[in-house]
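The structure appears right after this line, and notes come after that.
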Amino acid sequence: MSKRRVLITSALPYINGIKHLGNLVGSMLTADVFARFQRARGVETLFICATDEHGSTTELAALEAGQDVVTFCAEQHAAQADVCRRFGLSWNHFGRSSNRPNHELTQHFARQLWKNGHLEIRSTKQVYSNADGRFLPDRYVIGTCPHCGYPSARGDQCENCTRVLDPADLIAPRSAISGSSDLEIRDSTHLFLKQSQFVPQLREWIASHKNDWPLLVTSIANKWLDEGLHDRGITRDVEWGVPVPDDIGDGQLKGKVFYVWFDAPIEYIGATWEWAEANNRGNEWKSWWFGEEARDVAYFQFMGKDNIPFHTVGFPVTVMGSDEPWKLVDQLKGFNYINYYGGKFSTSQKRGVFMDTALEILPADYWRYYLIANAPEGSDSNFTWEHFAGVVNKDLADVLGNFVNRITRFCASRFDGRVPGEGAYGEDEHALIAELGKRVPACAELFERAEFRKAAAELRAIWVAGNEYLTHAAPWTTIKTDRDRAAASVRLGLNLVHIFSHLAWPVIPAMARQIHETIQPLGDRVTIPWPSGSLDEELDQLEAGQPIRSPQVLFAKITDEQIMEWTARFGGTET
RNA sequence: GGCAGCGUAGCUCAGUGGUAGAGCAGGGGAAUCAUAAUCCCUUGGUCGGGGGUUCAAAUCCCUCCGCUGCUACCA
């Protein structure tokens, strides 16, 4: 088998503000853990993300912030890049959908679709606000619901009775931006992608992944196909977007831009191009995406469930309709949501925990471990401070942190802080080595399959096995009668600390470094590799006499006072 | 309204036809190297209700109840 390369994209975070923990775990964090794991295994890996910047929401957010949209996006991109870096997200490149490569590629795909007859021009009725001087998206038209009488129903759907609406249905419609009721319906010409033609092809493609994609993903995809795929408008009457080129439709679409959901997934490719430009790699970006050259690439996408339709239907149609050999996703990992005390995370209501505030109160690895160990894979999961503190205190502080602490301190006090060379491994040691000989490959397999909860549970089970061993071997007892026996136990204990660092690095990279530095300096190595040798070798790596560093508390425990403080600060239990 | 997912121990969740599981919490004990951490043992569930198929159902089918999400111009 030829050498495999792995391409990983996490769903693009929308430019409008810092994301919350649910957004983080559903796309960026799980993708990061997967990317780190692949790199740790020595696989050539390219991990790409970008901000999704276009559309009316951005325009209105910029308006509200009193900024022009270019400045707004530049600032927001920098802010997200910063907080994501501090969360340890290890993208090879974090691009922007507003950058030139995405403009070129989006226009290229549109031209291909046009050339191949998959686009058509249709006249649509759009709401125009004279006071605002712009077309309004449906949801920015507000009025009274014709079904239930709710006075603030949005033009796309009534929040009160949940019925789907058309803005023209609303009684006494007004602009959500200015409140003006000086609205009119205008004709507007748009491009439609004839998605319905692709239904058989999509069905076949999705059916081929019935066994390797999560049920969540295939069921959402099939639902869209079963309900009849509508042709979809791929242009909008807004300013901020990729312009439709004049050669499509003989200039009938002048002034229009592509719909943000058309250009956003293309930015996966665009950001790869940006990566190549930023790293002087010329056309190498294309080898990850196009034709024969990309045959050795396995492509993984990570996203929350709200993104699934666009990645199983919309974007694949763009790719298929181009009639060019661009890569389709191989493994699509979709996630549910994390709820906050049973309710949704909400920016507007200030409920829940956001990436920047999370880092204000605790280091990234606390969050990374908790979120991975409780990733919403099978269903929505529920965040509470009590549960969070319980998991962090038990798993990180007591099971992992305390293990490192107890063995290193014992070594410091009784063996002069050096790896003892005396004694040979005996029955207990070989039993543990045999157990890890099963658990470590099992853990690797779970990471490989991107089953994060189970992978984290296996990681934890490995730490527990270390504690079991140490308690049973009890070098603090044996040292009284058999110093060599105790020395062998301590030597294995230190080797365990060392391997724990290697195994935990994809999930908790900063702490893994710190743990490794306790035993051995890392220098400027960025990746801490996954153990590749037999466990016999891996657990007898440290050289006798090698000094270890003075131990320190790795994970401070979360106190009841902190839980109370944070519950009050972040919105707590009221729904 | 339609569709989808979920409903398993106090809590968070595994488990898709073969004698109900894990972690946490609770109870008992051991140990004293360690952040009062660790280790061992243990209590605890008619698997949302009802009906059906089967030698056998948490698992397949029907139905009812509850929760959550999606419903295409927010992204």
Side-chain angles (χ1 to χ4, degrees), chain A residues 11-16 52 54-58 60-61 124 126-127 135-141 147 154-157 161-164 166-167 190 195 215-216 219-220 222-224 226-233 236-238 259-261 264 304-310 313-314 336-337 339 342-344 373-374 377-384 386-387 390-391 393-399 401-414 451 453-454 457 460-461 464 466-477 479 486 489-490 493 551-557:
Chain A
L12 307 189
Y14 198 61
I15 189 69
N16 184 15
D52 173 16
H54 294 135
S56 51
T57 306
T58 306
L60 298 172
T124 63
Q126 302 291 328
V127 176
F135 284 97
L136 297 179
D138 289 1
R139 73 176 321 219
Y140 289 106
V141 183
H147 303 291
R154 298 190 325 220
D156 54 346
Q157 185 177 26
C161 69
T162 74
R163 275 194 228 237
V164 176
D166 187 281
H190 283 288
Q195 294 189 128
L215 178 63
L216 178 72
S219 64
I220 289 177
N222 281 322
K223 189 197 89 177
W224 277 56
D226 292 343
E227 289 180 357
L229 202 55
H230 301 192
D231 294 341
R232 187 175 188 110
R236 291 291 183 274
D237 290 295
V238 301
Y259 177 37
V260 59
W261 260 114
K305 62 182 166 187
D306 50 337
N307 275 282
I308 290 171
F310 303 100
V313 175
N336 289 283
Y337 295 144
N339 292 316
K344 285 180 101 167
N374 295 281
E377 289 171 315
S379 60
D380 291 354
S381 66
N382 193 32
F383 178 91
T384 65
E386 294 79 3
H387 187 236
V391 169
N393 287 350
K394 188 70 186 171
D395 294 5
L396 293 182
D398 295 348
V399 176
N402 185 53
F403 178 82
V404 175
N405 200 33
R406 66 196 293 214
I407 187 64
T408 50
R409 286 191 54 180
F410 186 74
C411 174
S413 65
R414 308 307 295 270
E451 296 202 28
R453 269 176 183 268
K454 289 179 182 173
R460 188 201 130 92
V464 167
N467 278 304
E468 284 173 21
Y469 163 75
L470 198 59
T471 302
H472 193 247
W476 46 90
T477 303
I479 196 169
S489 299
V490 169
Q552 52 199 306
V553 169
L554 291 161
F555 298 97
K557 291 215 213 187

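All values derive from a computational prediction rather than experimental measurement. A, B, ... follow the sequence lines: proteins, then strands. Residue 1 opens every chain.
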How many Å lie between [atom1] on [X] and [atom2] on [N], as a whole number?
{"X": "A/Asn336", "N": "B/C13", "atom1": "CG", "atom2": "P", "value": "11 Å"}
{"X": "A/Asn393", "N": "B/U38", "atom1": "CG", "atom2": "P", "value": "10 Å"}
{"X": "A/Leu229", "N": "B/C70", "atom1": "CG", "atom2": "P", "value": "19 Å"}
{"X": "A/Ile479", "N": "B/A34", "atom1": "CD1", "atom2": "C1'", "value": "15 Å"}
{"X": "A/Ile308", "N": "B/G5", "atom1": "CD1", "atom2": "P", "value": "12 Å"}
{"X": "A/Asp306", "N": "B/U71", "atom1": "CG", "atom2": "P", "value": "9 Å"}
{"X": "A/Leu396", "N": "B/A34", "atom1": "CG", "atom2": "P", "value": "22 Å"}
{"X": "A/Leu470", "N": "B/A31", "atom1": "CG", "atom2": "P", "value": "16 Å"}

Looking at the side chain of [X], which of [options] is the nearest nucleotide?
{"X": "A/His387", "options": "B/C39, B/A37, B/U12", "value": "B/U12"}
{"X": "A/Asn467", "options": "B/A34, B/C39, B/C74", "value": "B/C39"}
{"X": "A/Asn402", "options": "B/A37, B/C40, B/C13", "value": "B/A37"}
{"X": "A/Tyr337", "options": "B/G69, B/A75, B/C73", "value": "B/G69"}
{"X": "A/Asn374", "options": "B/C73, B/A75, B/U12", "value": "B/U12"}
{"X": "A/Ser56", "options": "B/C13, B/C74, B/U32", "value": "B/C74"}
{"X": "A/Thr471", "options": "B/A75, B/G5, B/C39", "value": "B/C39"}
{"X": "A/Asp398", "options": "B/U38, B/A75, B/C33", "value": "B/U38"}
{"X": "A/Arg232", "options": "B/A75, B/A72, B/A25", "value": "B/A72"}
{"X": "A/Lys394", "options": "B/U12, B/A75, B/A25", "value": "B/A25"}

Please state whether the phosphate of [N], meaning OP1 or OP2, lies under 4.0 angstrom from any side-chain nitrogen or oxygen of [X].
{"X": "A/Tyr259", "N": "B/A75", "answer": "yes"}
{"X": "A/Arg460", "N": "B/C24", "answer": "yes"}
{"X": "A/Lys557", "N": "B/A36", "answer": "no"}
{"X": "A/Lys305", "N": "B/U68", "answer": "no"}

**Asked** When the nearest nucleotide of RNA chain B is assigned to A/Asn405 and to A/Glu377 on a heavy-atom basis, which residue is associated with the more 5' position?
**Response**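 First, find each residue's nearest nucleotide; the 5'-ward one identifies A/Glu377.
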
**Message:** On RNA chain B, compare the nucleotides closest to A/Phe403 and A/Trp224; which residue's is nearer the 5' end?
**Reply:**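 The residue mapped nearer the 5' terminus is A/Phe403.
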
**Request:** Please check if atom CZ in A/Arg232 has more than 12 non-hydrogen atoms from other residues, nucleotides or ligands closer than 6.0 Å.
**Result:** yes

With a 4.0 Å cut-off on heavy atoms, is [X] in touch with a base, just the backbone sugar-phosphate, or nothing at all?
{"X": "A/Asp52", "result": "sugar-phosphate"}
{"X": "A/Arg414", "result": "nothing"}
{"X": "A/Val464", "result": "sugar-phosphate"}
{"X": "A/Thr408", "result": "nothing"}
{"X": "A/Val553", "result": "base"}
{"X": "A/Gly401", "result": "base"}
{"X": "A/Asn222", "result": "nothing"}
{"X": "A/Leu554", "result": "base"}

**Asked** For A/Ser381 and A/Tyr337, does a side-chain donor sit closer than 3.5 Å to a side-chain acceptor?
**Response** no

**Prompt:** Under 4.5 Å between any side-chain heavy atoms of A/Asn374 and A/Val391, yes or no?
**Reply:** yes

Applying the Watson-Crick and G-U wobble criteria at under 3.5 Å, what pairs with [N]? Answer none if nothing qualifies.
{"N": "B/G18", "answer": "B/C55"}
{"N": "B/C3", "answer": "B/G69"}
{"N": "B/C11", "answer": "B/G23"}
{"N": "B/A30", "answer": "B/U38"}

**Request:** Using side chain to side chain contact (heavy atoms under 4.5 Å, CB included) as the criterion, list what pairs up with A/Thr124, not counting sequence neighbours.
**Result:** A/Gln126, A/Ser188, A/His190, A/Phe192

**Request:** Check for a donor-acceptor pair, side chain of A/Tyr14 on one end and backbone N or O of A/Thr58 on the other, with a separation under 3.5 Å.
**Result:** yes

**Message:** So which atom in A/Asp398 and which in A/Asn402 form the shortest heavy-atom distance, rounded to 0.1 Å?
**Reply:**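 Looks like O-CB, 3.0 Å.
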
**Complete:** Only residue of A/Val238, A/Val260, A/Ile15 satisfying side-chain contact (heavy atoms from CB on, under 4.5 Å) with A/His54 is A/Val260

**Item:** ring centroid sep under 5.5 Å plus plane angle under 30, A/Trp476 with B/C33
**Value:** yes

**Request:** Check the angle between the aromatic planes of A/Phe410 and A/Trp476 and answer parallel, tilted or perpendicular using the 30° and 60° thresholds.
**Result:**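 Rings of A/Phe410 and A/Trp476: perpendicular, over 60°.
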
**Prompt:** Can you tell me how far C1' in B/U16 sits from the matching atom in B/G5, rounded to whole Å?
**Reply:**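 Nearest-Å result for B/U16 against B/G5 at atom C1': 16 Å.
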
